[in-house]
Undergrad: 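One structure coming up, written as structure tokens, with questions to follow.
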Amino acid sequence: MSNGAPSKAELLEALRSSGKMALDTLQALPGEKWTEGRYENGWNARDILAHLSSIEWAYPKLIDLARGVTPEKTPVPQQAVTPPPGGGTPQILNYNERQVAKRADATVEQLLGEFEQNRAATIAAVESAEEPLFGVEVTSAGGAKGPLSAVMNFVAVEHVKMHVRDITGG
């Protein structure tokens, strides 16, 4: 990592390993654990998985966002990501609730499949992105701000790890 922002290769490795860790850990979780409450808004483990599955599709959009920044408008990247204030805006919190509700009838297996499919799309998008894009400053929908590689690491790697810990109680 350079200045707190991973290189493209480091980001790809982190995406692959965190995705595999999430899938391996969650596939091994006993069935009764999925209905346990673990989160401050009342979500149970299955709801947290629905949240992870529902937002994974958005990460390649950050690459599109970086592509839309012209070189003359590109600020000097920050050294690291600035996390969103207070856990997200009301719009993001409402979006998250809607996406979890939309998946209320999905099985754990379906949610894991959705996560896996969307993680593969995220990895493919990173693989095909031009190296200079990873230094372009972006802001995620949730308010995380910094170089593309740092923001993607924050939202797609660290965020997933945090929620896997929420689910497993670890």
Undergrad: Salt bridge between E13 and R16, side-chain N to carboxylate O under 4.0 Å?
TA: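 Salt bridge flag = no for R16 with E13.
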Undergrad: Can any side-chain N or O of E10 pair as donor or acceptor with the backbone N or O of S7 at less than 3.5 Å?
TA: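 Yes, E10 side chain to S7 backbone: donor-acceptor pair under 3.5 Å.
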Undergrad: Do the side chains of E114 and R103 get nearer than 4.5 Å, heavy atoms only?
TA: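 R103 vs E114: side chains touch.
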Undergrad: Kindly determine whether E97 and W43 satisfy side chain to side chain contact (heavy atoms under 4.5 Å, CB included), including the steps that lead there.
TA: CA-CA 9 Å; E97 289 293 337; W43 283 355; 3.3 Å; yes
Undergrad: Relative to each other, are the rings of H51 and H163 parallel, tilted or perpendicular (30° and 60° limits)?
TA: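 Perpendicular.
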Undergrad: Out of curiosity, D166 CG to K161 NZ, how far, rounded to the nearest 0.5 Å?
TA: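 Reported to 0.5 Å precision, the distance equals 14.5 Å.
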Undergrad: Within this structure, what is the CG-CH2 distance for the pair L49 and W34, rounded to the nearest 0.5 Å?
TA: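 The CH2 atom of W34 is 4.5 Å from CG of L49, to the nearest 0.5 Å.
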Undergrad: Please report the interatomic distance CG(N118) to CG(L52), rounded to the nearest 0.5 Å.
TA: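 Reported to 0.5 Å precision, the distance equals 11.0 Å.
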Undergrad: Under 3.5 Å, which donor-acceptor pairs link side chains of residues 19-31 to any protein atom two or more places apart or in another chain?
TA:
from: K20; atom 1: NZ; to: D24; atom 2: OD2; distance (Å): 2.5
from: T25; atom 1: OG1; to: M21; atom 2: O; distance (Å): 2.8

Undergrad: To the closest 0.5 Å, what do you measure between CG (D47) and CD1 (I167)?
TA: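 Interatomic distance, D47 CG to I167 CD1, rounded to 0.5 Å: 9.5 Å.
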Undergrad: Closest heavy-atom contact between S149 and A5?
TA: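 Smallest interatomic distance, heavy atoms only, reads OG-CB, 3.5 Å.
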Undergrad: List in chain and number order the residues that pass side-chain contact (heavy atoms from CB on, under 4.5 Å) with A14, two or more places apart in sequence or in another chain; answer none if no residue qualifies.
TA: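 side-chain contact (heavy atoms from CB on, under 4.5 Å) list for A14, sorted by chain: N153, V157.
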Undergrad: Run I55 and H159 through side chain to side chain contact (heavy atoms under 4.5 Å, CB included) and show every step you take.
TA: CA-CA 11 Å; I55 61 170; H159 181 240; 3.1 Å; yes
Undergrad: Looking at every non-hydrogen atom in both residues, tell me the closest pair between V160 and S18 and how far apart they are.
TA: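 In terms of heavy atoms, the two residues are closest at CG1-O, 4.5 Å.
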Undergrad: Using every non-hydrogen atom in the two residues, find where A66 and V136 come nearest and quote the distance to one decimal.
TA: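 A66 and V136 have their closest heavy atoms at O-CG1, 3.9 Å.
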Undergrad: Which distance, rounded to the nearest 0.5 Å, do you find between the OG1 of T122 and the CD of E56?
TA: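 Between T122 OG1 and E56 CD, I get 4.0 Å after rounding to 0.5 Å.
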Undergrad: Using modelled atom types only, decide if a donor and an acceptor are shared between the side chain of S54 and the backbone of Q99 within a distance under 3.5 Å.
TA: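 Absent.
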Undergrad: Looking only at heavy atoms, which two atoms of A156 and L15 are closest? And how far apart?
TA: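 Minimum heavy-atom separation between A156 and L15: CB-CD2, 3.6 Å.
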Undergrad: Shortest non-hydrogen contact from V138 to L148?
TA: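 So the two residues come closest at CG2-CA, 3.9 Å.
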Undergrad: Give the minimum heavy-atom separation between A106 and L111, together with the two atoms involved.
TA: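 Shortest heavy-atom contact: CB-CD2, 3.9 Å.
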Undergrad: Would you call E131 and K8 a salt bridge, using N to O less than 4.0 angstrom?
TA: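 Not counted as a salt bridge, because no side-chain N and carboxylate O are separated by less than 4.0 Å.
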Undergrad: Is it true that a side-chain atom of S140 and a backbone atom of A144 form a donor plus acceptor pair closer than 3.5 Å?
TA: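 Between the backbone of A144 and the side chain of S140 there is a qualifying donor-acceptor contact (under 3.5 Å).
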Undergrad: Check whether Y59 reaches the backbone of M152 with its side chain - one donor and one acceptor, N or O, closer than 3.5 Å.
TA: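 No, because the side chain of Y59 does not come within donor-acceptor range (under 3.5 Å) of the backbone of M152.
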Undergrad: Could you give the distance from OG1 (T35) to CZ (R46), rounded to the nearest 0.5 Å?
TA: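 These two atoms lie 11.0 Å from each other.
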Undergrad: May I ask you to test the L12-E127 pair for a side-chain heavy-atom distance under 4.5 Å?
TA: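 Yes, close enough: below the 4.5 Å cut-off.
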Undergrad: Salt-bridged, E116 to R119, with N to O below 4.0 Å?
TA: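 Judged by the 4.0 Å cut-off on N to carboxylate O distance, E116 and R119 do not form a salt bridge.
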